[in-house]
Enquirer: 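Sharing a structure, written as structure tokens. Questions coming.
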Amino acid sequence: AETVRVGVLKFGTVNWELDAMKRHGIDAKHGVDVEIIPFAGEDATGIALQGGSVDMIVTDWLWVSRQRAEGGSYVFAPYSTSVGAIMVPGDSPIQSFADLSGKTLGVAGGPLDKNWLLIQALALRDAQTDLSNDARIIYGAPPLLAEKARSGELDAVLIFWNYAARLEAEGFRRLVSGEEAAKAFGASGPVATIGYVFDEAWAKEHADAASGFIAASKETKQLLKASDAEWDALEPLVNAGDAATLAVMRDRYREGIPARDVVEEEKDAAKLYQVLEGLAGEKLVGPGKTLDPGTYWSGLKNGS
Amino acid sequence: MTDFSATVPPSSAATTGTGPNADPLSERGSAPPMPSSPAPPASLDVHIAEKRFVSADGTDVLAIADLAFTAAAGSFTALIGPSGCGKTTALRIILGLDSDFSGHIRRADPEGRIAAVFQEPRLLPWRDVETNVRLALPPERRADDLGPLFETLGLADMTRRFPGELSLGLARRVALARAVAIRPALLLLDEPFVSLDEETAARLRALLLDVWSARPTTAVMVTHNLREAVELADRIVFLTERPARLRGVYDLPTPRAERDAFWQERTVAEVGALYPGVI
Amino acid sequence: MTDFSATVPPSSAATTGTGPNADPLSERGSAPPMPSSPAPPASLDVHIAEKRFVSADGTDVLAIADLAFTAAAGSFTALIGPSGCGKTTALRIILGLDSDFSGHIRRADPEGRIAAVFQEPRLLPWRDVETNVRLALPPERRADDLGPLFETLGLADMTRRFPGELSLGLARRVALARAVAIRPALLLLDEPFVSLDEETAARLRALLLDVWSARPTTAVMVTHNLREAVELADRIVFLTERPARLRGVYDLPTPRAERDAFWQERTVAEVGALYPGVI
Amino acid sequence: MPRRAGCDVQRAPSRRISPAAVTTASMLALLALWWVAAGLAQSRLLPTPAAVAAAFWRDARTGELPFHLAMTLMRVAASFVVAMTIGSAIGLALGLSRTANRFFNPWVILFLNLPALVVIFLLFIWIGTNETAAILAIAINKIPNVVVTIREGAQALDRQLAEMAKVYRFSRRDRLVHVILPQLQPYVAAATRSGLSLIWKIALVVELFGLSSGVGFQIATYFSLSNVAAILAYTLAFVAVMLLVELLIVQPLEARATRWRGKS
Amino acid sequence: MPRRAGCDVQRAPSRRISPAAVTTASMLALLALWWVAAGLAQSRLLPTPAAVAAAFWRDARTGELPFHLAMTLMRVAASFVVAMTIGSAIGLALGLSRTANRFFNPWVILFLNLPALVVIFLLFIWIGTNETAAILAIAINKIPNVVVTIREGAQALDRQLAEMAKVYRFSRRDRLVHVILPQLQPYVAAATRSGLSLIWKIALVVELFGLSSGVGFQIATYFSLSNVAAILAYTLAFVAVMLLVELLIVQPLEARATRWRGKS
Ligand SMILES: Nc1ncnc2c1ncn2[C@@H]1O[C@H](COP(=O)(O)OP(=O)(O)OP(=O)(O)O)[C@@H](O)[C@H]1O
Ligand SMILES: Nc1ncnc2c1ncn2[C@@H]1O[C@H](COP(=O)(O)OP(=O)(O)OP(=O)(O)O)[C@@H](O)[C@H]1O
Ligand SMILES: [Mg+2]
Ligand SMILES: [Mg+2]
């Protein structure tokens, strides 16, 4: 079996999947030997892929498209449709965008986070609320913002889905999610914004490994979708702490499993790309005016 | 002699010894006339029973074995002893810079100001000559005119210079200026006149006597120069080789006005005969 | 006299002046007997036309206005001048430590080792006494037995001490030990015998003559002590007040063996009369 | 006087090159080096000076760069003052008292080695994500460094001068101003230079972590977009300010303070 | 001799408290302080010493903590040696030559102020995410700090001793070992102490940014879980090692080097 080195966050969702995959020998079944290489931050995995110390990481198509536009040759295979959401405490009076006016909103990921851009655009379009001016925005690292939301210092927080799930288990509720914003801007279904990313050249050279891995990933997802017991085994990596939290994490993960055809995904991604290009311009998307045509891995279309 | 009255009040004469010049505790001295100034001059009782150093390599160095002497109020004492015997150590103990010894130091007027001319100039290299002197002055006299003093010491045109720009002899003069400028009650001098030519040294000795006799100052001076001691002191304390012990005390009751060249030669010869090796 | 042959080859006698003792360029001197050692001794030609300092406050200090003298191979020259006139400056120029002057310094044997006794001891405070001396030795002599030298200087029981644990007089002796230990071709001394008692000073003077005469060494010594100069030198160079100019040269052709106390007194008086103020 | 062979020491030629010329030459050399390297690399990850200049202008025109730079400078300046004052005082106290030093040394080592992230996180949580917390977090990260540097200086203080000051009854203030501080000058200078840079680096982390303005905030954003040219533009803008501070404030002050050492 | 009133100076009482006792007392005091504070806070974000000890044991038993700690220590040690050697050499050279310093000073300021992130990012991409790149990245971040500290020391070197060494023709090696280095000792000590801590902090960032092992990797991971107890367990494990280094290596070396200063 060919070895595939995958760079993951130690307690990240990708690691859940890979852990289950290896425990059940699903990778071997598809002719690959997955080597999990843990990292401590999103940026670290990107650096590792560019530095050549891993074959595959998980990141978004925007990154891939930008790299391609600038001469890189990475490709994308959908992994999850889960994105961040604005969370508010369960008893919060905030019910709509308009209610966010004058409130303190924490935003993880910085001003160019694509969810944030889409949600802002949505608020402006549907509720005539200019969040970046009408609300007090606090950017920060996700753990910090999560703590601040718990302590009540933030009235609302836009945060990545796994943090959001945790908050949900603690009684927070979802005001709006990235998926809804994406739909509002023309996506025909849930768009997998993050996916496995690897070098096209590598995939060509190791075609069996690449498609074998993708297949193994799919099979593992089905397993995680079907089996609750599997999640108990994953608890050390999920670190939910209690059964209720684990249940929320599990449900949100399952919701995020992409089910649509790659071609549709690609179409929606291209649409969103246009929207984002319009919102943030070159700063966010790089020199490419449209989603780079080779962004989605060709192996997906032929194979499935 | 140059007038530097702003710093030191005018005195009757330079070397005439109007100040008290004998030690009441001495066997040979006669009771001195009390000085006319209001504050009583400091008097000093030194008894160093033992002073040891522990050197960095762990050896124990007995520097002073037994040294006791007194200095009457307003008297001038000279300390003479071989190189490395413990003179500087004794001065440091008197100054209160070293309290790790057995014995005692008693001053009649512990509040009175002390001045020290160390064996090295010990000037602040980053402050100019004038600032070096002025910083030693008591706060109420910080603004005094030091011009005449610098004039006498031949430093008038270098008050703005840094110590690193002075020759060693000039730096020593600045140290002397600092000591006399504060008008101390107790003045300790560690070989103040070395590294100076004879002419300059003589001028500074005259200055020192001037200052010393102008107000009630008790002075203790370390020297290797018996001539110097005979010219200046009321009492000479001789020390032995290390560990320093009291070798003997020689009192000089002759008033300074009567100390002419002939007297000095005779006295130097007499002392030299009593204490072989010091000349 | 103590034997320290390991460091300095044995010489016939201490103060008898077997070394050359007159300057061939001098008007009064006679040609000296050539020394028997293989290497020719250094000879020195000093001409400092002008040396200025720019002080930190911007003033221009003319330190030396015109100073020229020569020292014959193997001769002993004394420099006498008032405090702050420029003696140390002249020595630094001769040592090559200051090249910002007009004039020239010429040595017959520029490769020959120079030793300097600075006006301060300049020891490495973090190295013990012995290491301080040993570091100055040429590599091939690093392992020499320095015991006899330390013995003569009264330093035998403190070779492991740090300079900070020495009295100033002891530290100066270490500096002297360092200078003579390297057996220099040219030896420059800046007031080497101050801060020492008479007995020690006499012993060190004898040592110095011993070393100087044992091998062809040209010596230049700054001193404020005319007696010392008369005892040791073949030639005395007198300087004026700052800016230093040549005030005069006095040659002493009398062999050292014949310099008894009476001769010394007479000579000191004679020189003192010729150059008022130096005594 | 006849010219003889020998060692002839002549007046040294006076220096002709002005300090300003040397500094300019230095920067031009650096620029040339960079341009050549970037030219050879031909990579988006090592942009040419021109690309960086373009990135600079883009953000300078919008006023973004000046704003974020000003915010960072404000934080750097405030934390610097706080850290130097407190750190010097502690360092001096520990350097002068052997017992105090023995007691507090483990504390110093603890605070020295506390990860910046931990301090920043806790302060942001306790005090809130505001300027006070940011400046305090930066200062706390820097103080131990100032302490160890100044402590070394205090331990190396000249005893002879201290004795002199004691004998002549210098006031506390005089002792500090005229005896101690001049001796600490090189240590203060070292703490200042490496301090400013350390503070700036911590400020970057603080801004990245919980603030919504400042160069660190911008760099983090550009970093997630792998935009090295923009990162360098912000970095060099800060470096330029530091160079100005060095040339216009630190060096003149230092020249004054070390005037007594003389030139050579 | 009759006892008179006056200023009586007596032998000072000998110090009775041993250094080890003081250090122990210090750490106990720190522990007590922390426990009280944690008790008052009652927050997951300020765990008690017991909670941290539990976290420590949990990861120590699995061998995880010793492994990551060893990796970090290895990187810290290697970068320290590289940074101190190169930094001291450059610092000494710049401190001794006024012209070289004038020329390279802007470069020093540039490298001093390059954000750690930028250096780490570029090196990881150019060299790859491996140990060489990591150690180099850490060293490059630290070198300018060593340079500025040692440079100050070199500028404050005693001229008189340098002259003495010149007259007596000390070899280059002797000059360095016996004249220059002893004077640089306090600067080297300052650079060492604040250096070790700085290097450790940069190592944390490096490990966070591209490595799969080390304390930084673990801390960042626990950080995403807001697990402060585990973060503190790793931090304190490193601090403990640094304390041991301080007590068993740095202090004895320093005591030897400063023996000549004498006690007081
Ligand atoms: N810290 C120390 N450790 C060990 N020995 C010391 C220390 N300080 C001084 N000594 C020794 O104590 C003795 C007395 O020293 P001191 O400086 O008092 O001599 P001194 O009489 O002033 O000599 P000099 O005339 O040379 O100045 C000397 O032998 C000296 O080496
Ligand atoms: N760096 C300097 N800047 C300005 N003036 C200086 C500097 N160095 C020395 N001088 C001045 O030059 C003159 C000569 O100094 P030098 O040290 O040569 O005197 P000296 O003859 O050795 O005196 P002494 O007998 O006191 O040692 C002095 O007036 C001194 O103040
Ligand atoms: Mg002494
Ligand atoms: Mg001199």
Side-chain angles (χ1 to χ4, degrees), chain B residues 53-59 61 63 80-89 118-121 126 128 154-155 157-162 164-173 190-191 193-204 222-226 239 241-242 272 276-279, chain C residues 53-59 61 63 80-89 118-121 126 128 154-155 157-162 164-173 190-191 193-204 222-226 239 241-242 272 276-279:
Chain B
F53 288 105
V54 179
S55 135
D57 63 1
T59 52
V61 180
I80 294 187
S83 163
C85 76
K87 305 177 294 297
T88 300
T89 305
F118 297 95
Q119 211 165 357
E120 327 73 32
W126 38 81
D128 65 21
L155 297 168
D157 56 344
M158 41 194 87
T159 54
R160 289 274 147 263
R161 286 216 216 144
F162 289 113
E165 301 171 332
L166 300 179
S167 76
L168 183 60
L170 291 168
R172 302 190 68 96
R173 286 188 238 173
D190 204 343
E191 299 199 74
F193 304 118
V194 297
S195 285
L196 296 173
D197 58 293
E198 243 333 286
E199 216 168 0
T200 308
R203 205 165 64 230
L204 297 199
V222 168
T223 181
H224 284 300
N225 186 335
L226 183 58
L239 309 184
E241 285 263 9
R242 182 173 68 81
V278 299
I279 193 162
Chain C
F53 288 105
V54 180
S55 140
D57 64 0
T59 52
V61 179
I80 293 187
S83 164
C85 76
K87 304 178 295 295
T88 300
T89 306
F118 297 95
Q119 211 165 359
E120 327 74 31
W126 39 80
D128 64 22
L155 297 169
D157 58 344
M158 42 193 88
T159 54
R160 291 272 147 263
R161 285 216 216 142
F162 290 113
E165 301 171 332
L166 301 180
S167 76
L168 184 60
L170 291 168
R172 302 191 68 97
R173 287 188 236 172
D190 204 344
E191 299 198 75
F193 304 118
V194 297
S195 285
L196 296 173
D197 57 292
E198 244 331 291
E199 217 168 357
T200 308
R203 205 165 64 230
L204 298 199
V222 168
T223 182
H224 284 299
N225 185 335
L226 183 58
L239 309 184
E241 287 263 11
R242 184 173 68 80
V278 299
I279 194 164

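A, B, ... follow the sequence lines: proteins, then strands. Residue 1 opens every chain. Computed over heavy atoms, backbone and side chain alike; hydrogens, waters and symmetry mates excluded. Because the structure is predicted, anything quoted here is derived from the model rather than measured.
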Enquirer: C/Val222 versus chain B, heavy atoms under 4.5 Å apart: side chain, backbone, both or neither?
Expert: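 No part of it gets close to chain B.
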Enquirer: Tell me, do B/Val61 and C/Arg161 make a side-chain contact under 4.5 Å, heavy atoms counted?
Expert: yes
Enquirer: So for C/Glu165, is it side chain, backbone, both, or neither that comes closer than 4.5 Å to the heavy atoms of chain B?
Expert: side chain
Enquirer: Need one label for B/Asp157: side chain, backbone, both or neither, based on atoms under 4.5 Å from any heavy atom in chain C.
Expert: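 Side chain of B/Asp157 only, per the 4.5 Å heavy-atom cut-off to chain C.
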Enquirer: Which atoms of C/Phe53 come close to chain B, meaning under 4.5 Å heavy atom to heavy atom: side chain ones, backbone ones, both, or neither?
Expert: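 Nothing of C/Phe53, per the 4.5 Å heavy-atom cut-off to chain B.
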Enquirer: I need the residue from B/Ser195, B/Ser167, B/Gly84 with the largest number of non-hydrogen atom pairs under 4.5 Å to chain C.
Expert: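 The candidate making the most pairs under 4.5 Å is B/Ser195.
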Enquirer: Is B/Glu199 reaching over with its side chain to a backbone N or O of C/Pro82, donor-acceptor style, under 3.5 angstrom?
Expert: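 Flag not set: sc B/Glu199 to bb C/Pro82 has no pair under 3.5 Å.
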Enquirer: Does the side chain of B/Ser83 pick up a donor-acceptor pair with the side chain of C/Arg172 at under 3.5 Å?
Expert: no
Enquirer: Quick check: closest heavy atoms across B/Cys85 and B/Leu239, and the distance to 0.1 Å?
Expert: SG-CD1, 3.9 Å
Enquirer: Heavy-atom distance under 4.5 Å to chain B: side chain of C/Asn225, backbone, both or neither?
Expert: neither
Enquirer: Using non-hydrogen atoms and a 4.5 Å limit, figure out which bit of C/Thr88 sits close to chain B: side chain, backbone, both or neither.
Expert: neither
Enquirer: With sequence neighbours excluded, what pairs up with B/Glu120 under the side chain to side chain contact (heavy atoms under 4.5 Å, CB included) test?
Expert: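 Per chain and number, B/Glu120 pairs via side chain to side chain contact (heavy atoms under 4.5 Å, CB included) with B/Phe118, B/Arg122, D/Gln160.
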Enquirer: Which one wins on heavy-atom pair count under 4.5 Å against chain B: C/Val194, C/Thr200, C/Leu168, C/Leu226?
Expert: C/Leu168
Enquirer: Please report the closest heavy-atom contact between C/Lys87 and C/Ile80, naming both atoms and the distance.
Expert: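 Closest heavy-atom pair between C/Lys87 and C/Ile80: CD-C, 4.4 Å.
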